[in-house]
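In what follows, a structure is listed as structure tokens, so that the remarks can point back to it.
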Amino acid sequence: MDCVFCKIVDGDIPSDTIYEDDQIIAFKDLDPQAPIHFLVIPKKHITSLATLEDSDSALIAHIMKSIKRLAEEKGLESYRVVTNIGEDGGQSVPHLHFHVLGGRSFNWPPG
Ligand code: 5GP
Ligand code: ZN
């Protein structure tokens with residue numbers, strides 16, 4: 001499949017991996033928008049939150065708990081988790097991913 005994040009999962013594109021298990025991988029964003037900016041993705045190709053299925057519930061719970069743990073390990077007490085969905089949502093890579101951003105203050109609403 002011609003998907004950049006599937007290629008990262010397969011090891012065909014190198015990434016700065018911070019965590020990996022049988023279901024997920026977390027790696028530093030190539031173009032960081034904060035002092036800490038990493039992505040957490042399922043190894044399974046899911047296009048976005050909009051294409052989640054009921055059978056993905058345990059996987060999503062695992063991603064959320066992993067985000068909590070990784071943020072703790074990085075010493076983050078205050079941070080932002082973002083998933084963009086579709087073109088107007090700002091999604092540029094059509095493989096579900098959660099941005100974890102920290103180390104600075106963030107504005108609301110987003111641009
Ligand atoms: P989106 O815009 O889809 O919400 O986020 C995609 C993110 O993936 C962007 O922040 C972009 O910098 C990051 N990204 C795109 N290609 C690569 C890559 O090959 N390696 C890494 N580490 N990050 C990537
Ligand atoms: Zn993919």
Spell out, yes or no, whether Ile63 and Leu70 are grouped together once hydrophobic residues are joined by side-chain heavy atoms under 4.5 Å, including indirect joins. yes

Would you indicate whether the side-chain heavy atoms of Leu96 and Thr51 approach each other to under 4.5 Å? no

Could you pull out the closest heavy-atom pair between Gly103 and Pro35, with the gap in Å? O-CG, 3.4 Å

Does some side-chain heavy atom of Phe27 sit less than 4.5 Å from a side-chain heavy atom of Ile8? yes

If you group Ile, Leu, Val, Met, Phe, Trp and Tyr by side-chain heavy-atom gaps below 4.5 Å, do Ile18 and Met64 land in one group? yes

Going by atom types only, do His62 and Asp21 share a side-chain donor-acceptor pair under 3.5 Å? yes

Residues 39-48 vs side-chain hydrogen bond (donor to acceptor under 3.5 Å, both in side chains), sequence neighbours excluded, gives Glu20-Lys43, Lys44-Asp56, His45-His95

Candidates Thr17, Val40, Leu39 - the one meeting side chain to side chain contact (heavy atoms under 4.5 Å, CB included) with Ile25: Thr17

Test log, rule side chain to side chain contact (heavy atoms under 4.5 Å, CB included), inputs Gln33 and Asp31: CA-CA 7 Å; Gln33 302 301 314; Asp31 182 22; 3.4 Å; yes

Give the cluster check for Ile46 versus Val100: same hydrophobic cluster or not, with ILVMFWY residues linked at side-chain heavy-atom distances below 4.5 Å. yes

Point-to-point distance, once rounded to the nearest 0.5 Å, from CG of Leu59 to CD of Gln23: 5.5 Å

More than 12 non-hydrogen atoms from neighbouring residues, nucleotides or ligands closer than 6.0 Å to CD on Glu73, yes or no? yes

Among Val81, Asp29, Ile67, exactly one meets side chain to side chain contact (heavy atoms under 4.5 Å, CB included) together with His99. Which residue is that? Asp29

Side chains of Tyr79 and Lys74: closer than 4.5 Å at any heavy-atom pair? no

Taking a hydrophobic cluster as the set of Ile, Leu, Val, Met, Phe, Trp and Tyr residues connected by side-chain heavy atoms closer than 4.5 Å, whether directly or through intermediates, do Ile36 and Tyr19 fall within one such cluster? yes

Answer yes or no: is there a side-chain heavy-atom contact under 4.5 Å between Val82 and Phe98? no

Could you give me the CA-CA distance, side-chain angles and deciding distance for Ile24 and Ile41, then say whether side chain to side chain contact (heavy atoms under 4.5 Å, CB included) is met? CA-CA 6 Å; Ile24 68 171; Ile41 73 169; over 6 Å; no

List the steps, then state whether side chain to side chain contact (heavy atoms under 4.5 Å, CB included) holds for Lys7 with Asp2. CA-CA 8 Å; Lys7 287 179 180 164; Asp2 193 23; 2.9 Å; yes

Look only at the side chain of Asp10 and the backbone of Asp12, and say whether a donor-acceptor pair between them is shorter than 3.5 Å. no

Consider only side-chain heavy atoms of I, L, V, M, F, W and Y, link residues closer than 4.5 Å, and tell whether Ile13 and Leu30 are in one cluster. no

Could you tell me whether a side-chain N or O of Gln91 sits under 3.5 Å from a main-chain N or O of Val93, the two making a donor and an acceptor? yes

If you take all heavy atoms of Ala26 and Phe38, which pair is closest and at what distance? CB-CD1, 4.4 Å

